[in-house]
There are 2 protein chains.
Amino acid sequence: MGKYDALKLDNQLCFPLYAASREIIKIYHPYLSKLDLTYTQYITMMVLWEVKKITVKDLGKKLYLDSGTLTPLLKTLEKRGFITRKRSEKDERVLVVEITEEGDKFKDQAVNIPAEVGSCVKLSEKDAKDLYRILYGLLDNSL
Amino acid sequence: MGKYDALKLDNQLCFPLYAASREIIKIYHPYLSKLDLTYTQYITMMVLWEVKKITVKDLGKKLYLDSGTLTPLLKTLEKRGFITRKRSEKDERVLVVEITEEGDKFKDQAVNIPAEVGSCVKLSEKDAKDLYRILYGLLDNSL
DNA sequence: TATAATTTAATTGTACTCAATCAAATACAA
DNA sequence: TTGTATTTGATTGAGTACAATTAAATTATA
């Protein structure tokens with residue numbers, strides 16, 4: 001065990017996480033670009049398809065993203081007519097994002113993406129489950 | 001099982017990968033900013049500390065990054081005196097990156113980072129091993 | 001109540017990330 | 001050899017990411 005072995009790329013756990021994350025997002029690209037969505041926009045829509053209405057703060061908590069990323073992204077989705085952005089009447093600091101009828105209907109365009117991408121990613125049932133459990137374990141430990 | 005269940009964030013495998021990757025990189029931030037390195041610069045240096053000399057193409061293969069990311073990053077490291085960039089004499093298309101004496105010595109500043117970050121990431125020995133194996137399984141399957 | 005502290009988004013600046021394109025060098029084929 | 005295809009890195013443009021700062025609104029405190 002050399003003094004610098006811990007600095008070898010092969011001994012890192014974060015690096016394959018970082019690389020695999022980006023590589024899988026690349027698999028999404030052809031499917032998402034047909035819908036003119038980026039991956040970040042896609043997961044944002046995914047939250048909104050489910051909850052319909054959410055504050056920027058709570059959206060950021062769900063996606064692990066801050067307003068520096070979300071503000072311009074949400075403005076793009078707003079221009080496209082998929083969402084509305086309105087200040088809360090109860091608390092003017094809070095911005096509430098809500099999906100529009102059009103944004104909700106757009107879900108039908110995306111419904112097959114998980115299956116199409118899933119079929120590209122070779123992973124056994126067990127490994128997929130373990131991976132899911134380990135990653136959420138990390139995230140829940142308030143990484 | 002609803003028609004749109006596959007589109008729920010909680011049913012995605014890519015999302016926790018993407019989120020955990022970024023969250024762990026955030027743990028590196030305070031340690032790396034002391035050295036005035038970004039995470040991407042850090043893993044680049046890691047490769048060079050090990051191999052000393054490599055082409056941009058091979059570096060990109062190791063890091064799963066392309067020249068659009070690497071070119072400006074390598075120019076930054078060059079300005080800092082950590083590396084040199086020279087065209088190969090045998091093939092002028094090829095750019096060879098080599099670590100300098102100064103860049104190599106800088107390794108001593110970074111040697112404790114893996115241990116410091118590692119102690120922040122709560123993960124059992126077994127989960128760490130499984131995670132490593134699964135992620136490299138994905139990457140090797142030429143994701 | 002006045003003021004201090006906190007919360008929330010937005011903004012700013014730096015640095016990726018990558019698809020797409022380009023240009024130069026090299027390899028290959030007719 | 002000459003034209004064609006491939007390889008390689010650089011460039012460009014759009015879109016994140018995120019730390020740090022700002023500003024407005026609200027809450028807590030003296």
Would you mind writing out the side-chain donor-acceptor pairs for residues 54-63 of chain A within the sub-3.5 Å range, not counting sequence neighbours?
| unit_1 | atom_1 | unit_2 | atom_2 | d |
| --- | --- | --- | --- | --- |
| A/Thr55 | OG1 | A/Asp58 | N | 3.1 |
| A/Thr55 | OG1 | A/Asp58 | OD2 | 3.4 |

Rounded distance in Å - [atom1] ([X]) to [atom2] ([N]):
X       : N      : atom1 : atom2 : value
A/Tyr28 : C/dC18 : OH    : C1'   : 18 Å
A/Leu32 : D/dG15 : CG    : C1'   : 13 Å
A/Leu95 : D/dA25 : CG    : P     : 14 Å
B/Asp66 : D/dA14 : CG    : C1'   : 14 Å
A/Lys57 : C/dA10 : NZ    : P     : 14 Å
A/Ile24 : C/dC18 : CD1   : P     : 13 Å
A/Leu63 : D/dA17 : CG    : C1'   : 13 Å
A/Lys26 : D/dT16 : NZ    : P     : 17 Å

Check your understanding: So which of residues 39-51 of chain A are in contact with DNA chain D, with a heavy-atom cut-off of under 4.0 Å?
Key -> A/Thr40, A/Gln41
Would you say [X] places a side-chain N or O within less than 4.0 Å of OP1 or OP2 belonging to [N]?
X       : N      : answer
A/Thr71 : C/dA10 : yes
B/Lys75 : D/dT11 : yes
B/Lys61 : D/dT8  : no

Point to revise | Interface residues of residues 83-93 of chain B with DNA chain C (non-hydrogen, below 4.0 angstrom) | key: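 Listed by number, they are B/Lys90, B/Asp91, B/Glu92, B/Arg93.
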Exercise for review: Please list, chain by chain and in numerical order, all residues satisfying side-chain contact (heavy atoms from CB on, under 4.5 Å) with A/Thr38, sequence neighbours excluded.
Suggested key: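 side-chain contact (heavy atoms from CB on, under 4.5 Å) list for A/Thr38, sorted by chain: A/Thr40, A/Gln41.
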Point to revise | B/Lys126: salt bridge (charged side-chain N to carboxylate O under 4.0 Å, His left out) partners, not counting sequence neighbours | key: B/Asp130
**Study point:** Set of residues satisfying salt bridge (charged side-chain N to carboxylate O under 4.0 Å, His left out) with respect to B/Lys26, sequence neighbours excluded
**Key:** B/Glu23
Practice item. Using the six-membered ring wherever Trp is involved, compare the ring planes of B/Tyr42 and B/Tyr28 and label them parallel, tilted or perpendicular (cut-offs 30° and 60°). Key: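 Judged by the thresholds at 30° and 60°, the geometry between B/Tyr42 and B/Tyr28 is tilted.
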Check your understanding: Of B/Thr76 and A/Thr69, whose nearest nucleotide on DNA chain C comes first from the 5' end?
Key ->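 It is A/Thr69 whose nearest nucleotide is closer to the 5' end.
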Within the structure shown, what part of the strands sits under 4.0 Å from [X] by heavy-atom distance: base, sugar-phosphate, or nothing?
X       : result
B/Leu70 : nothing
B/Ile25 : nothing
B/Thr38 : sugar-phosphate
A/Thr55 : sugar-phosphate
A/Leu73 : sugar-phosphate

Check your understanding: What is the distance from atom CG of B/Leu13 to atom NZ of A/Lys129, rounded to the nearest 0.5 Å?
Key -> 12.5 Å
Check your understanding: From the list C/dC18, D/dA19, D/dC18, which nucleotide is the closest neighbour of the side chain of A/Arg22?
Key ->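 Taking heavy atoms from C-beta onward, the closest nucleotide is C/dC18.
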Review point. Under the salt bridge (Lys or Arg N to Asp or Glu O under 4.0 Å) rule, what pairs show up with a residue in residues 84-95 of chain B, not counting sequence neighbours?
Key: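 Output for this query lists B/Glu78-B/Arg85, B/Asp91-B/Arg93.
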Revision key, fill the gap. The complete set of salt bridge (Lys or Arg N to Asp or Glu O under 4.0 Å) pairs with one or both residues in residues 1-12 of chain A, sequence neighbours excluded, reads A/Lys3-B/Asp108, A/Asp5-A/Lys8
Review point. Given A/Asp36 and A/Gln109, is the side chain to side chain contact (heavy atoms under 4.5 Å, CB included) satisfied, shown in steps?
Key: CA-CA 11 Å; A/Asp36 198 23; A/Gln109 307 285 311; over 6 Å; no
Point to revise | No-H, no-angle donor-acceptor pair, A/Ser67 side chain to C/dA10 base, under 3.5 Å | key: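 Answer is yes: a donor-acceptor pair is held.
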I'd like a table of donor-acceptor pairs (distance under 3.5 Å, sequence neighbours excluded) in which one partner is a side-chain atom from residues 96-106 of chain B, with atom names and distances.
| unit_1 | atom_1 | unit_2 | atom_2 | d |
| --- | --- | --- | --- | --- |
| B/Thr100 | OG1 | B/Gly81 | O | 2.6 |
| B/Thr100 | OG1 | B/Phe82 | O | 3.1 |
| B/Thr100 | OG1 | B/Glu102 | N | 3.4 |
| B/Thr100 | OG1 | B/Gly103 | N | 2.9 |
| B/Asp104 | OD1 | B/Lys52 | NZ | 2.8 |

